[in-house]
Amino acid sequence: DRHSAYFLHYLHVREAALSHQQQTTAMEAIRQEIENVRIAWNHAVTQIHSTNIDRALDSLYNFYRISSRFQEGVDMMQHAVEQLQSSNTSDTILLRCIARHSSFRTSLGDYGPARKLVQKSLAMARHHQNAREIAFSLNVLGNIVDTQGERDEARQLFRESLAVSQKSGNLAGEGGSLYNLGWIAIRQGSYEAAQ
């Protein structure tokens with residue numbers, strides 16, 4: 001328990017650095033301890049240490065996403081989802097793990113299962129009125145439908161995510177939505193709008 005708490009806290013304290021100028025240093029620090037991080041995460045998930053899971057989730061997700069270790073991300077999130085579904089833990093933690101599981105599957109091109117997962121996380125986020133997770137799930141779903149050629153629907157999903165993020169003051173969600181809208185505009189040759 002102490003090992004798990006220590007290394008999930010180790011992840012948590014590097015969360016902000018993963019999105020800023022210290023990203024390279026934070027990534028290297030996590031990379032050096034990744035085996036301990038895996039053991040810590042799996043222990044917390046198996047024992048349903050909800051607070052530690054919740055605290056470490058964003059850092060773990062961002063580490064795997066930034067380093068393109070999508071299959072490892074799928075494995076970690078799938079294990080978490082399976083364990084959390086069979087427990088009485090918070091729906092918020094479960095829906096966050098489901099959404100990130102979907103994001104990793106999307107990155108691997110596994111669009112069918114990814115779409116089902118993110119639709120589930122989106123429904124749960126809407127039920128709990130969790131604006132941050134609504135925006136996250138809308139962006140993931142937008143990326144899936146955009147990749148499958150449903151550009152108008154993707155644009156609509158990104159715009160909804162943008163509106164939810166702006167209303168709730170979620171700058172990261174707002175930035176992700178604008179980024180995704182920009183790429184749609186680029187692919188349509190609307191360079192001024194993209195900029």
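Because the structure is predicted, anything quoted here is derived from the model rather than measured.
- In this structure, CE on M27 lies 5.0 Å from CD1 on I66, to the nearest 0.5 angstrom.
- Residue pairs meeting the ring-ring contact (aromatic ring centres under 6.0 Å, His included) criterion with at least one member in residues 101-125, sequence neighbours excluded, are Y61-F104.
- In the hydrophobic cluster analysis, where Ile, Leu, Val, Met, Phe, Trp and Tyr join through side-chain heavy atoms closer than 4.5 angstrom, Y179 is grouped together with I186.
- Proximity of D146 to W183: side-chain heavy atoms (C-beta onward) are nowhere separated by under 4.5 Å.
- Relative to the six-membered ring of F7, R38 misses at least one condition, a distance below 6.0 Å or an angle of at most 45° to the axis.
- Under the 4.5 Å side-chain criterion, counting only non-hydrogen atoms from C-beta, E133 is not in contact with H128.
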Open item on the list: Please determine whether side-chain contact (heavy atoms from CB on, under 4.5 Å) holds for the pair R105 and Q78, giving the CA-CA distance in whole Å, both sets of side-chain angles, and the decisive distance to 0.1 Å.
Closed with: CA-CA 10 Å; R105 284 202 177 275; Q78 185 169 339; 3.1 Å; yes

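- With S103 contributing its side chain and A99 its backbone, the two residues share no donor-acceptor pair below 3.5 Å.
- A 6.0 Å sphere centred on CD of E28 holds more than 12 heavy atoms belonging to other residues, nucleotides or ligands.
- Contact annotation: the side chain of H79 approaches that of T46 to within less than 4.5 Å [non-hydrogen atoms, C-beta and beyond].
- Here CD of Q22 is found 11.5 Å from CZ of R14. Values are rounded to the nearest 0.5 Å.
- In terms of heavy-atom proximity, A154 sits nearest to I184 at CB-CD1, 3.9 Å.
- Listed for the S86 side chain is a donor-acceptor partner under 3.5 Å among the backbone atoms of Q83.
- With sequence neighbours excluded, the residues satisfying side chain to side chain donor-acceptor pair (under 3.5 Å) with N139 are S161, S177, N180.
- At a cut-off of 3.5 Å, with distance as the only test, a side-chain donor of Q71 or D75 sits close to an acceptor on the other residue.
- No donor-acceptor contact under 3.5 angstrom links the side chains of Q156 and E160, judged on distance only.
- Linking ILVMFWY side-chain heavy atoms closer than 4.5 Å, directly or via other members, places L138 and L181 in two distinct hydrophobic clusters.
- One hydrophobic cluster, built from ILVMFWY side chains closer than 4.5 Å, cannot hold both Y10 and L57; they sit in different ones.
- Annotation: side chain of D58 is in contact with side chain of R96 (closest heavy-atom distance under 4.5 Å).
- Residues V145 and R115 meet the side-chain proximity criterion, which asks for heavy atoms closer than 4.5 Å.
- Of the N and O atoms on the side chains of D1 and H43, at least one donor lies less than 3.5 Å from an acceptor on the other residue.
- Put simply, Y64 and V37 are part of the same group of oily side chains (I, L, V, M, F, W, Y) that touch within less than 4.5 Å, one to the next.
- For the pair L8 and A40, the tightest heavy-atom approach, listed with the atom from each and the gap, is CD1-O, 3.9 Å.
- Taking both residues in full, the closest heavy atoms of A80 and W41 are given as CB-CZ2, 3.9 Å, listed atom of the first, atom of the second, then distance.
- In this structure, the side chains of H12 and N52 stay at 4.5 Å or more apart for every pair of heavy atoms.
- Of the inter-residue distances, the one linking C97 atom SG with L117 atom CG reads 11.5 Å to the nearest 0.5 angstrom.
- Note that CD1 of I53 is 5.5 Å distant from CD1 of I48, once rounded to the nearest 0.5 Å.
- Counting non-hydrogen atoms of neighbouring residues, nucleotides and ligands closer than 6.0 angstrom, the NE2 atom of H9 reaches no more than 12 such neighbours.
- Between A26 and L18 the shortest heavy-atom distance is CB-CD2, 3.9 Å.
- In this structure, NZ in K116 is found 10.5 Å from CG in D110, a value given to the nearest 0.5 Å.
- Inter-residue side-chain proximity for S102 and I144 is flagged as met; some heavy-atom pair is nearer than 4.5 Å.
- The number of heavy-atom neighbours closer than 6.0 Å to CZ of R132, taken from other residues, nucleotides and ligands shown, is 12 or below.
- The two residues V81 and L94 have their closest heavy-atom pair at O-CD1, 4.0 Å.
- Q188 and R151 share no donor-acceptor pair across their side chains, judged by distance under 3.5 Å alone.
- Between the CG atom of N130 and the CZ atom of F136 there is a distance of 12.0 Å, given to the nearest 0.5 Å.
- The cluster map of Ile, Leu, Val, Met, Phe, Trp and Tyr, joined by side-chain heavy atoms under 4.5 Å apart, puts L108 and I98 in the same cluster.
- The minimum heavy-atom distance linking F63 with R69 is given by the pair CZ-NH1, 3.4 Å.
- Put simply, the side chain of T147 does not reach to within 4.5 Å of the side chain of T106, judged on heavy atoms.
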